[in-house]
Number of protein chains: 2
Amino acid sequence: MQNTAADKIARDRLAAGALALDRQLCFAVYSAGLAFSRRYKPILNALGLTYPQYLVMLVLWEEDGGSVKDIGERLSLDSATLTPLLKRLEEGGLVTRERDPADERRVRIRLTEAGRALRARAEPVPAMMGCAIGLQSEALERLRADLEHLRRSLSGEEERGGDAPA
Amino acid sequence: MQNTAADKIARDRLAAGALALDRQLCFAVYSAGLAFSRRYKPILNALGLTYPQYLVMLVLWEEDGGSVKDIGERLSLDSATLTPLLKRLEEGGLVTRERDPADERRVRIRLTEAGRALRARAEPVPAMMGCAIGLQSEALERLRADLEHLRRSLSGEEERGGDAPA
DNA sequence: CACGATTAAATCGCACGCAAAGAAATAGCG
DNA sequence: CGCTATTTCTTTGCGTGCGATTTAATCGTG
């Protein structure tokens with residue numbers, strides 16, 4: 001595989017096409033997501049949480065006592081992911097898992113006292129992360145909103161304002 | 001945990017704080033990333049690739065013959081992630097893995113004929129994904145650029161007013 | 001009430017993503 | 001040259017994500 005100059009030119013022209021890594025929105029999102037989780041890791045480590053566990057705790061701090069499915073809908077994760085994660089939170093003493101007496105199919109997740117107490121220690125986390133981001137809050141909010149729109153489009157939750165339903 | 005109306009109001013005020021899930025940029029990125037990979041899955045399945053494998057192939061289609069480290073730097077993934085992934089691509093007959101004779105620490109990754117041929121089948125993928133996204137291309141590009149900036153900030157590649165070489 | 005359909009979790013298998021430790025080769029320095 | 005430090009890749013272990021399957025409970029219909 002010797003590369004002649006002509007070969008390289010030919011490859012570069014192809015690379016400039018639709019498959020160019022650097023123009024993939026998906027890669028930008030993927031890569032930013034990894035960067036986020038790496039940045040969060042040492043901070044959340046101090047709280048004894050992984051990044052997905054932190055997200056689950058955010059849900060619970062807003063709305064305690066939901067079922068596994070409820071939490072899954074909030075985060076768009078399914079029970080195959082959440083069940084083991086929630087068991088680890090339970091082992092860590094942050095939540096309890098109990099079958100709902102009114103519907104034994106459901107498992108209700110409730111914060112323990114330790115789980116609620118952890119909220120205070122998590123309070124400064126967003127500000128700490130904010131320092132790591134070089135964007136003004138208006139730009140941040142626009143970016144967040146664009147991503148939410150993107151997620152909705154990708155999930156097929158089209159919300160008509162221009163997107164013709166198939 | 002009976003919820004009185006007062007409790008709920010108290011919780012909502014807390015939820016409106018910095019820890020509110022729906023105002024976390026990190027969650028928007030995380031969630032959009034998962035939505036992307038779910039959307040890509042059936043398409044890439046037809047090519048016999050996972051989503052991270054697809055990203056590696058994008059790199060190789062642009063620049064063949066790099067080392068594991070080279071690919072890792074392009075995608076910001078380390079060799080612990082890439083080694084097994086590349087072995088699977090090798091098993092699938094898409095790449096070869098050979099120690100570099102000039103430096104036996106390196107493993108050079110090269111596309112096989114099948115690996116190069118797969119490019120043609122991948123060509124329509126971006127257009128297929130484009131249809132799934134409800135944004136104009138200008139907005140898309142702005143979003144992509146914002147995310148790239150975000151990734152850089154998070155990775156500590158700060159470039160305040162241009163990339164200051166360390 | 002019976003019984004098939006649906007729903008909610010759990011379980012299993014596989015592929016990441018990464019920290020930590022290990023192995024092999026090279027670089028650097030006296 | 002010799003020896004240590006560094007670089008590159010590999011391996012191991014753990015925690016996600018998720019498809020597929022299983023189990024148990026509830027729903028809907030007759």
Side-chain angles (χ1 to χ4, degrees), chain A residues 26-27 29-42 44-45 48-57 66-73 75-92 95 97-109 151 154-155, chain B residues 26-27 30-42 44-45 48-57 66-73 75-92 95 97-109 154-155:
Chain A
C26 69
F27 175 61
V29 173
Y30 168 85
S31 193
L34 293 183
F36 252 127
S37 95
R38 282 190 283 259
R39 193 69 156 190
Y40 266 107
K41 186 157 302 193
L44 296 180
N45 233 11
L49 294 174
T50 65
Y51 179 57
Q53 287 168 9
Y54 171 68
L55 295 178
V56 169
M57 293 304 287
S67 66
V68 174
K69 182 181 172 58
D70 293 333
I71 297 170
E73 281 174 355
L75 299 174
S76 60
L77 293 174
D78 76 1
S79 63
T81 297
L82 286 174
T83 295
L85 186 157
L86 290 167
K87 283 185 176 178
R88 281 177 210 111
L89 289 181
E90 186 184 33
E91 281 170 29
V95 305
R97 297 166 58 249
E98 280 176 32
R99 291 278 166 186
D100 182 344
D103 183 345
E104 293 273 346
R105 291 172 302 183
R106 295 191 193 184
V107 171
R108 293 206 170 272
I109 308 301
R151 180 189 59 70
L154 289 169
S155 317
Chain B
C26 70
F27 174 61
Y30 168 85
S31 192
L34 293 184
F36 251 127
S37 95
R38 283 190 282 260
R39 193 68 158 191
Y40 265 107
K41 188 157 302 194
L44 296 180
N45 234 11
L49 294 173
T50 65
Y51 178 59
Q53 287 169 9
Y54 171 69
L55 295 178
V56 169
M57 293 303 287
S67 66
V68 175
K69 182 181 173 57
D70 293 334
I71 297 170
E73 282 174 356
L75 300 174
S76 59
L77 292 174
D78 77 359
S79 61
T81 299
L82 287 173
T83 295
L85 186 156
L86 290 166
K87 283 185 176 178
R88 284 186 278 273
L89 289 180
E90 186 184 32
E91 280 170 31
V95 306
R97 296 165 61 249
E98 281 177 31
R99 291 279 165 184
D100 183 343
D103 183 346
E104 293 274 344
R105 289 172 302 184
R106 295 190 192 183
V107 171
R108 293 207 168 274
I109 308 301
L154 289 168
S155 314

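Every chain is numbered from 1, with letters handed out A, B, ... down the list of sequences. Computed from a predicted model, the values in this text were never measured in an experiment.
The distance from atom CD of B:Glu104 to atom C1' of C:dA23 is 14 Å, rounded to the nearest whole Å. Across the protein-nucleic acid pair, B:Glu90 atom CD and D:dC9 atom P stand 14 Å apart, rounded to whole Å. Rounded to a whole Å, the CZ atom of B:Arg105 is 5 Å from the C1' atom of D:dT7. Rounded to whole Å, the distance from CG on A:Leu86 to C1' on C:dA10 is 12 Å. Summarising the geometry, the separation between CG on B:Asp103 and P on C:dA27 is reported as 6 Å, rounded to the nearest angstrom. When rounded to the nearest whole Å, the span between NZ of A:Lys69 and P of D:dA25 equals 19 Å. Nucleotide C:dT7 holds its P atom 18 Å from the CG atom of A:Asp100, rounded to whole Å. Summarising the geometry, the separation between CG on B:Leu82 and C1' on C:dG17 is reported as 10 Å, rounded to the nearest angstrom.
Nearest heavy-atom pair across B:Val95 and B:Leu86 is CG2-O, 3.9 Å.
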Test log, rule salt bridge (Lys or Arg N to Asp or Glu O under 4.0 Å), inputs A:Lys87 and A:Glu91: CA-CA 6 Å; A:Lys87 283 185 176 178; A:Glu91 281 170 29; over 6 Å; no

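Checking the phosphate oxygens (OP1, OP2) of D:dT26, no side-chain nitrogen or oxygen of A:Arg99 falls inside 4.0 Å. One finds no side-chain N or O of B:Lys87 lying less than 4.0 angstrom from the OP1 or OP2 phosphate oxygen of D:dC9. Using a 4.0 Å cut-off, some side-chain N or O of A:Arg97 falls inside it from OP1 or OP2 of C:dA10.
Distance check, rounded to the nearest 0.5 Å: CG of B:Leu49 to CG of B:Leu89 gives 7.0 Å. For the atom pair CD of B:Glu73 and CG of B:Asp78, the computed distance is 11.5 Å after rounding to the nearest 0.5 Å.
With ring centers used as reference points, B:Phe36 lies 6.0 Å or more from B:Tyr51. Side-chain rings of A:Tyr54 and A:Tyr40 approach one another, their centers coming within less than 6.0 Å.
Out of D:dT8, C:dA10, D:dA25, the shortest distance to the side chain of A:Thr83 is found at C:dA10. Proximity note for B:Ser67 (side chain, C-beta onward) versus D:dT10, C:dA25, D:dC9: the nearest is D:dC9.
End-to-end axis angle of the helix from C:dC1-D:dG30 to C:dG30-D:dC1, using five pairs per end and rounding to 10°, comes to 20°.
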Contact letters for nucleotides 14-19 of chain D, in which S counts primed atoms plus P, OP1 and OP2 and B counts the base, heavy atoms under 4.0 Å: -SBBBB

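With contacts defined as side-chain heavy-atom distances shorter than 4.5 Å, the pair B:Lys69/B:Arg106 does not qualify. Between A:Thr50 and A:Lys41, every side-chain heavy-atom pair lies at or beyond the 4.5 Å cut-off.
Ion pair A:Glu90/A:Arg97 flagged as a salt bridge, since at least one NZ, NE, NH1 or NH2 atom sits closer than 4.0 Å to an Asp/Glu carboxylate oxygen.
At a threshold of 4.0 angstrom between heavy atoms, the contacts of A:Arg108 with the nucleic acid are absent.
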